[in-house]
Amino acid sequence: MTEILERVREYLQSTVIPADAGHWLSLLMAHDEGKRFAACLAIDLRCGALKPEEVRPFFASVSNGCADGLQALKCFADAIYAVRDQWVCRSSHTGKPLKPGERYARVMEIRGFAEKYLGPTYGTTSSSAAVHLARRMLQYPLPLGMLLQIWRGRMPNVWVLSEAELAQIRRDADPEHPGTVVSNALGLSYPGGAHDETPELLAVFYPEGLPEATFQPTSFDSPWDQYLHLFVATGENNGWGETCSCSGEPPYCQERVHYAITRLNNSFVARYIGVSNKLTRDVSKLVQAALDRFDKIGN
């Protein structure tokens, strides 16, 4: 691992990190989250998903006065805060349309879905009431044309996979906790949820042909000031990213991102998946996966 980390450092210093930010980079790469970010950024640059001349200015303003690696990572997040929303879905590797008959799906935890979408739509102010409403409505396929909110994630992008791949994952589901295999494969390490504080999942299936524009996820699509997102850049040039599971073991899934959607219609349909066990991410395997992907595209 040490050898690959040093190559990541050397690559970033030669492409986007100015000489006077060297101490910041050292602090960053002394922490696992910083190592993962550095490796993902290097992967995106090396495979051409991000362009060095566009990324380089962000690192001219990072501070060498950070106390540790987490502060160094937060310093980067602060440096791009003003333009962060403009940097989602910026990969040079765009997604080709799915085959006829195929469509995308977005997996969500029911509490987030209820609080962000159903609550505001139906005037439900408490979290528990919104979740109760969601459970009741999701007893049947739920068309989403009534939603009032912009369709987006924590950042103004949405992470999706193909319906076919989601179905493939669910074939191995435990009937008692059918969401566990989905949470693991997609790297969704929810710290809690609506079902006795365990995650409870649903999937929103898109109409065929939408969204029209999709992108391979890059390190700028992930919220680095929140460490629940198990993103690892892929390094491929096929318009798809690849998840890293919570366990660090297969299955992994192909994934894409798309821009926020102002308003859904009734062709977007939510379906209940079920509860998931709480999953703890294996940080060491996550970092190793990022370094292995960097090493792979350099050989």
Side-chain angles (χ1 to χ4, degrees), residues 1-2 4-47 49-52 54-91 153-157 159 187-191 217-235 241 243-244 246 248 257 280-295:
M1 178 185 289
T2 303
I4 303 176
L5 275 172
E6 188 56 34
R7 285 196 277 120
V8 168
R9 182 199 306 274
E10 292 173 354
Y11 178 79
L12 291 177
Q13 287 177 323
S14 67
T15 54
V16 295
I17 305 297
D20 58 3
H23 183 62
W24 172 85
L25 183 60
S26 295
L27 286 173
L28 180 80
M29 297 188 67
H31 192 282
D32 279 341
E33 293 294 345
K35 291 172 185 173
R36 177 164 65 102
F37 169 71
C40 288
L41 177 62
I43 289 167
D44 289 331
L45 292 165
R46 181 172 269 183
C47 76
L50 294 175
K51 293 178 171 55
E54 295 182 340
V55 171
R56 194 176 296 118
F58 293 120
F59 298 97
S61 60
V62 295
S63 171
N64 284 323
C66 304
D68 54 32
L70 278 181
Q71 279 197 14
L73 189 55
K74 184 179 183 300
C75 183
F76 163 75
D78 291 343
I80 68 167
Y81 181 80
V83 294
R84 185 177 187 180
D85 288 1
Q86 301 168 31
W87 268 82
V88 298
C89 302
R90 288 286 294 271
S91 174
R154 186 167 180 263
M155 298 173 68
N157 58 5
W159 297 69
L188 302 175
S189 60
Y190 293 113
T218 74
S219 46
F220 278 72
D221 284 299
S222 183
W224 292 100
D225 53 354
Q226 180 193 45
Y227 311 119
L228 302 175
H229 198 190
L230 276 62
F231 171 73
V232 176
T234 179
T243 65
C244 190
C246 297
V257 289
T280 302
R281 61 181 184 160
D282 190 318
V283 178
S284 62
K285 288 185 177 179
L286 193 63
V287 173
Q288 189 62 59
L291 295 175
D292 287 346
R293 292 183 187 183
F294 172 81
D295 192 45

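Every value quoted in this text rests on a predicted model; they were computed, and no experiment measured them.
Atoms CD and CD1, from Gln86 and Ile80 in turn, are 11.0 Å apart once rounded to the nearest 0.5 Å. Between the CG atom of Asp44 and the CZ atom of Arg90 there is a distance of 13.0 Å, given to the nearest 0.5 Å. Here the SG-CG distance, from Cys75 to Leu27, works out to 10.0 Å after rounding to the nearest 0.5 Å. For the atom pair Lys285 NZ and Asp292 CG, the distance stands at 12.0 Å (nearest 0.5 Å). Here the OG-CH2 distance, from Ser61 to Trp24, works out to 9.5 Å after rounding to the nearest 0.5 Å.
In terms of heavy-atom proximity, Pro223 sits nearest to Met155 at N-SD, 3.7 Å. Across all non-hydrogen atoms, the minimal contact from Ala79 to Val62 is CB-CG1, 4.4 Å. Of all the heavy atoms in Lys51 and Leu45, the pair that sits closest is C-CD2, 4.0 Å. For Lys35 against Leu5, the heavy-atom pair with the smallest separation is CG-CD2, 3.9 Å. Nearest heavy-atom pair, Ser91 versus Thr218, reported as atom, atom and distance to 0.1 Å: CB-CG2, 3.4 Å. For the pair Ala289 and Cys244, the tightest heavy-atom approach, listed with the atom from each and the gap, is CB-SG, 3.8 Å.
Looking only at side-chain heavy atoms (C-beta outward), Asp68 and His31 stay at 4.5 Å or farther from each other. At least one side-chain heavy atom of Ile4 sits less than 4.5 Å from a side-chain heavy atom of Phe294. A 4.5 Å side-chain heavy-atom check between Val88 and Val257 finds every atom pair outside the cut-off. Put simply, the side chain of Thr15 does not reach to within 4.5 Å of the side chain of Val55, judged on heavy atoms. Ser63 has its side chain out of reach of Asp78: every pair of non-hydrogen atoms, C-beta onward, lies at least 4.5 Å apart. Looking at Val232 and Leu286, their side chains come closer than 4.5 Å, going by heavy atoms from C-beta outward. At a threshold of 4.5 Å between non-hydrogen side-chain atoms, the residues His23 and Cys66 do not count as touching. The shortest side-chain heavy-atom distance between Ile43 and Thr234 does not fall under the 4.5 Å cut-off.
Using bins of under 30°, 30° to 60° and over 60° for the plane-to-plane angle, the ring pair Trp224/Phe37 lands in the perpendicular bin.
Comment: Glu10 does not engage Arg7 in a salt bridge, judged by the lack of any side-chain N to carboxylate O separation of less than 4.0 angstrom. Salt bridge Asp32/Arg36: absent, no basic N to carboxylate O contact under 4.0 Å.
For Phe220, the ring-ring contact (aromatic ring centres under 6.0 Å, His included) partners are Phe58, Phe76, Trp87, not counting sequence neighbours.
The only option from Leu25, Leu41, Leu12 that meets the side chain to side chain contact (heavy atoms under 4.5 Å, CB included) definition with Phe59 turns out to be Leu41.
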